[in-house]
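If you're wondering where the values come from, they're calculated on a predicted model, not measured in any experiment. Whatever order the structure lists ligands and atoms in, that order sets their numbers, starting from 1.
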Amino acid sequence: MTTDGNALFAAHAYLPQGWRRDVLLEWNDEGMLTAVTPDSPVPPGVARANGPLMPGMPNLHSHAFQRAMAGLAEYRAQAGDNFWSWRDLMYRLAARITPAALEAIARWLYIEMLKAGYTSVCEFHYVHHALDGSRYEQVAELGQRVVDAASQAGIGMTMLPVLYEYSGFGKREPRPDQRRFINTPQSLLELLLTLRRARPEHGALAYGVAPHSLRAVSQPSLHALLDGLDAQLPGAPVHIHIAEQTGEVDECLAATGARPVAWLLDHFNVDARWCLVHATHVDDAEAAALAASGAVAGLCPTTEANLGDGIFPAQRYLDAGGLIGVGSDSHIAVDWRSELRLLEYGQRLALRQRNVLASATRPQVAERLVDAALAGGARASGRAIGALQAGRRADWLVLDPAHPSLDGRRPNDWLAAVVFCEHGDAPIAEVHTGGRCVVREGRHRDEAPAYAAYREAVAGLQA
Ligand code: NGQ
Ligand code: ZN
């Protein structure tokens, strides 16, 4: 029986096999679970959880700096505002961000993520260079700031430095307002190596790469990037924005004769290491082929709604065995419950049905979506997370059993309440990462100073 401090007893915990009673969790000093035992006797001297436990949710897509503009693009700048006019505004922010501001914004954002129950984040990081587009003396300066912000906040991270080369299909020259993003495969791989030397991998930190999109990289440079990645980090995650806008699908068709998802699946060995972010516009054949590939579809429903992207055919894709995960992307919302709820509601509104993303074997839609997002998010992160089971990271949420959404309900109804009920604050009382409590009674340990620094950074950007 465990006698050291690395153990916790929970009357209820959501395990891979569902809600279980009297669960003993044990973990090692590296923050990895070593045993998860249901129906355990109450061990003497072991702390008891203050509520039901569930795994922390992975966030599979983030651009941290964009947190600073959430809510600032909700007015009509021109008739026919769309994704591309939003992007012009966003580039103005990207053009001004400094290393110190990025670190402050990211630290506060990651605290918000933790409070919302995201315990890990894949950072799709593409602002690399100084304001004028020249390299920083430390080439990975900005990436390092983001990695440091994550470790200060206590969130797990998969850092994905982004390759951005062109402004459109056919190797179109980058625009002046993209100058801070631009690399060759070689310079990006060097940046990755520099970053890894400065901030080596550990239990809460992993690396991969992200070719930005098919419009921003060429076929040969994507091959060079993947070859170089495999020389450094064989099998590490690869994320790409794939088919977010119909305009980009049309341009891909014009340039290559194929739709983006079909083209990628035809030309690259897309497998479990890949995450296709915003696979929004897929036809039936693409949805089936993507589902069969083992890649994760990275869905960001609140951002996709905010930017007017479209609706992913989730029912067909999930029924074909496709993997999904969720991300907060532009951070218009930082709440995985909102992502899952909107994912389901988009289908309900489009199909005029209810409980669309449930299945015959998983009739409870919230449990099916939570399980899918835990598994897909973990796969996309390339880290051992997403489940309360031995060998995974000791990342969990303690739900508030006295919250009006949960109080008096049976365990089998808890996740439905967590995902679908919107009554006041989230029913998340505590958040633990690597076995350590980082949010207690709904508050992060560094909340006040991190917020003050964030506020100052955002004021400086608007001045
Ligand atoms: C991004 N946003 O990487 O932040 C993109 C726009 C671009 C989304 N894809 C930037 N939602 O296309 O260069
Ligand atoms: Zn994105």
J.: Evaluate the salt bridge (Lys or Arg N to Asp or Glu O under 4.0 Å) criterion for residues Asp88 and Arg175: first the C-alpha distance (whole Å), next the side-chain angles of each, then the deciding distance (0.1 Å), finally the verdict.
T.: CA-CA 11 Å; Asp88 289 340; Arg175 298 171 17 164; 3.0 Å; yes
J.: For a distance under 2.8 Å, give residue and atom name for each protein N, O or S atom next to the Zn ion (ligand 2).
T.: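 Sorted hits: His61 NE2, His63 NE2, His241 NE2.
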J.: For this output row, return yes or no: ring centroids of His278 and His281 closer than 6.0 angstrom.
T.: no
J.: Below 6.0 angstrom between ring centroids: does that apply to Phe268 and His223?
T.: yes
J.: Any cation-pi pair here, Arg348 with Phe420, using under 6.0 Å and within 45°?
T.: yes
J.: Can you work out which protein residues put a heavy atom within less than 4.0 Å of ligand 1?
T.: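 Lining ligand 1 at under 4.0 Å, by heavy atoms, one finds His63, Gln66, Phe83, Trp86, Arg87, Met90, Tyr91, Tyr126, Tyr164, His212, Arg215, His241, Glu244, His278, Leu307, Asp329.
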J.: Is any side-chain N of the basic residue among Glu251 and Arg215 closer than 4.0 Å to the acidic one's carboxylate O?
T.: no
J.: Step through it carefully: locate the ring centre of Tyr126, locate the ring centre of His212, and say whether they are under 6.0 Å apart.
T.: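 Yes, they do, as the ring centres are separated by less than 6.0 Å.
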J.: In plain terms, say whether Asp319 and Arg368 are close enough for a salt bridge, that is, a side-chain N and a carboxylate O under 4.0 Å apart.
T.: yes
J.: In terms of ring plane angle, is the pair Tyr451 and Tyr454 parallel, tilted or perpendicular, where the classes change at 30° and 60°?
T.: tilted
J.: Just checking, is any N or O donor in the side chain of Gln66 or Asp329 under 3.5 Å from an acceptor N or O on the other one?
T.: no
